[in-house]
Amino acid sequence: MKNIEVISKNEGYTAVNIGELDKLTEHYLIHPKTKQKIEGKVFLKDITNATGTEISFSTLPPRTELSYFHIHKENEETYIIIKGSGDFQVDEDSFPIKEGSVIRVAPSAKRGLRNSSDDTMIYIVIQSQNNSLNQYSSDDGERVPCEIRWK
C-alpha cells in the first residue's frame, strides 16, 4: 500500500496528500470482508480523523466495470467523475457519465458503474449519513477574524 503523506495535523484538522492522480493506481487496500486486494483505491476517513464523512478516491481500468452492485444501510454516496467516461446504473436506470458528472445515490438504491473509455477512470466517492445535513453552506458557516499566516 502506498503511504499517504500527512502534511499537517492539529486538534482542529488533518491535512494529507494522497499523491498525483495519475499514480492513484499505486494505492491498494485489502477488502475487510472478502480479503480481496483492490488496486487504485484509497479511503480517507481514518487517516484524516473524519467523523461525518468517508471519502475515497478510486480508479477503474479502461473497458472494465465495477465488479459488484451494492447498497448501503445508512449512508448515501455522491460519486464525482474526475477522468474517463462510461455508464452508471441506479436500480433499473442506466445513464452515461463522463468527467464532471456528479451522482448522488440514496442508501437503499442499487448502484454500479463501468468505464467504457480507453483511459483509466478516476472518481471520488463521498459517503455520509442519509438525512444528517441539517445546516450547510452559508447557513452553517460564520465569518470570523483571523490573522493570515501565508505569504
Side-chain angles (χ1 to χ4, degrees), residues 1-9 11-141:
M1 178 186 304
K2 184 177 176 182
N3 288 332
I4 299 173
E5 175 191 5
V6 176
I7 299 167
S8 186
K9 185 176 182 176
E11 187 176 313
Y13 72 94
T14 305
V16 301
N17 188 327
I18 64 168
E20 298 173 14
L21 290 181
D22 63 350
K23 295 182 181 176
L24 193 58
T25 54
E26 295 175 6
H27 288 279
Y28 72 88
L29 62 90
I30 304 299
H31 192 282
K33 292 181 181 177
T34 66
K35 305 301 181 205
Q36 177 184 7
K37 182 178 180 181
I38 301 173
E39 296 179 344
K41 187 168 190 83
V42 59
F43 285 102
L44 299 176
K45 180 193 175 301
D46 292 338
I47 191 77
T48 62
N49 299 306
T51 63
T53 59
E54 170 67 278
I55 299 173
S56 63
F57 281 77
S58 300
T59 63
L60 197 54
R63 306 285 174 193
T64 62
E65 60 187 43
L66 193 60
S67 61
Y68 59 91
F69 277 74
H70 70 285
I71 63 169
H72 283 272
K73 296 174 186 169
E74 295 184 27
N75 297 335
E76 68 180 11
E77 290 183 314
T78 300
Y79 291 74
I80 304 167
I81 310 305
I82 304 298
K83 179 181 174 189
S85 61
D87 297 284
F88 202 100
Q89 183 174 326
V90 180
D91 293 328
E92 304 304 316
D93 295 332
S94 178
F95 47 90
I97 56 172
K98 62 182 179 180
E99 182 177 322
S101 296
V102 178
I103 309 99
R104 192 233 18 122
V105 185
S108 63
K110 293 178 268 185
R111 79 244 18 217
L113 71 151
R114 76 172 180 155
N115 178 1
S116 61
S117 73
D118 293 326
D119 295 319
T120 297
M121 180 180 280
I122 298 174
Y123 60 98
I124 298 170
V125 181
I126 302 170
Q127 194 178 126
S128 57
Q129 188 174 20
N130 196 43
N131 295 315
S132 64
L133 194 58
N134 297 321
Q135 294 188 94
Y136 53 93
S137 259
S138 59
D139 289 339
D140 188 56

Novice: If I take atom CG from residue L24 and atom OG1 from residue T59, how far apart are they, to the nearest 0.5 angstrom?
Specialist: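 Taking CG in L24 and OG1 in T59, the distance rounds to 5.5 Å.
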
Novice: Rounded to the nearest 0.5 Å, what's the gap from CD1 on I7 to CG on N17? Could you check?
Specialist: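 Here the rounded value is 5.0 Å.
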
Novice: Just to verify, what does H72 make a ring pair (Phe, Tyr, Trp, His ring centres under 6.0 Å) with, not counting sequence neighbours?
Specialist: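 With sequence neighbours excluded, H72 shows a ring pair (Phe, Tyr, Trp, His ring centres under 6.0 Å) to H70, given in chain and number order.
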
Novice: Minimum heavy-atom separation for S8 to Y13, with atom names?
Specialist: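 Looking at all heavy atoms of both residues, the shortest contact is OG-OH, 2.6 Å.
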
Novice: May I ask you to check whether over 12 heavy atoms, not counting those of D139, lie within 6.0 Å of atom CG?
Specialist: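 For D139, atom CG is crowded (more than 12 foreign heavy atoms under 6.0 Å).
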
Novice: Considering non-hydrogen atoms only, spot the tightest contact between H27 and I4 and give its length.
Specialist: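 So the two residues come closest at CE1-CG1, 3.9 Å.
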
Novice: Taking atom OG1 of T64 and atom CG of L113, what is their separation to the nearest 0.5 Å?
Specialist: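 Taking OG1 in T64 and CG in L113, the distance rounds to 8.5 Å.
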
Novice: Tell me, which pairs form a ring-ring contact (aromatic ring centres under 6.0 Å, His included) where one or both residues lie in residues 29-52, sequence neighbours left out?
Specialist: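 Counting only pairs at least two positions apart or across chains, no ring-ring contact (aromatic ring centres under 6.0 Å, His included) contact touches residues 29-52.
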
Novice: With a 3.5 Å cut-off and sequence neighbours excluded, list the donor-acceptor pairs that the side chains of residues 98-109 form with protein atoms.
Specialist:
{"unit_1": "S101", "atom_1": "OG", "unit_2": "K98", "atom_2": "N", "d": "2.9"}
{"unit_1": "S101", "atom_1": "OG", "unit_2": "K98", "atom_2": "O", "d": "2.9"}
{"unit_1": "R104", "atom_1": "NH1", "unit_2": "E76", "atom_2": "OE1", "d": "3.4"}

Novice: Looking only at the side chains, is there a donor atom on one of T14 and K9 sitting less than 3.5 Å from an acceptor on the other?
Specialist: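 Short answer, no.
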
Novice: Is there a side-chain contact between Y79 and R111 in this structure, where contact means two heavy atoms from C-beta onward sitting under 4.5 Å apart?
Specialist: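 When only atoms from C-beta onward are counted, R111 and Y79 do touch, with a gap below 4.5 Å.
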
Novice: In Å and rounded to the nearest 0.5 Å, what is the CD1 to CD distance from I126 to E54?
Specialist: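 So the CD1 of I126 and the CD of E54 are separated by 11.0 Å.
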
Novice: Assess the side chains of S117 and N115: does a donor N or O sit below 3.5 Å from an acceptor N or O?
Specialist: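 Short answer, yes.
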
Novice: For K83, check side-chain hydrogen bond (donor to acceptor under 3.5 Å, both in side chains) against everything at least two apart and list the hits.
Specialist: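 Once residues adjacent in sequence are excluded, K83 has no partner under the side-chain hydrogen bond (donor to acceptor under 3.5 Å, both in side chains) criterion.
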
Novice: Scan the side chains in residues 85-92 for donor-acceptor partners under 3.5 Å anywhere in the protein, sequence neighbours excluded, and list what turns up.
Specialist:
{"unit_1": "D87", "atom_1": "OD2", "unit_2": "R114", "atom_2": "NE", "d": "2.7"}
{"unit_1": "D87", "atom_1": "OD2", "unit_2": "R114", "atom_2": "NH2", "d": "2.7"}
{"unit_1": "Q89", "atom_1": "NE2", "unit_2": "D91", "atom_2": "O", "d": "2.8"}
{"unit_1": "D91", "atom_1": "OD1", "unit_2": "K110", "atom_2": "N", "d": "2.9"}

Novice: Kindly give the heavy-atom pair with the smallest separation between L21 and I122, and that separation in Å.
Specialist: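 Here L21 and I122 meet closest at O-CD1, 3.6 Å.
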
Novice: I need the full list of ring-ring contact (aromatic ring centres under 6.0 Å, His included) pairs touching residues 102-124, with sequence neighbours left out, sorted by first then second residue.
Specialist: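 Listed by first then second residue: nothing to list.
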
Novice: I need the R63 CZ to D119 CG distance, nearest 0.5 Å.
Specialist: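 Answer rounded to 0.5 Å: 9.5 Å.
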
Novice: For the atom pair CG (L60) and NZ (K41), what is the distance rounded to the nearest 0.5 Å?
Specialist: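 Reported value, rounded in 0.5 Å steps: 10.0 Å.
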
Novice: Do S56 and L44 have side chains that get closer than 4.5 Å, going by heavy atoms?
Specialist: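 No - every pair of side-chain heavy atoms lies 4.5 Å or more apart.
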
Novice: Which heavy atom of E39 sits nearest a heavy atom of Y28, and at what distance?
Specialist: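 Scanning both residues completely, I find the closest heavy atoms to be CA-CB, 3.8 Å.
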
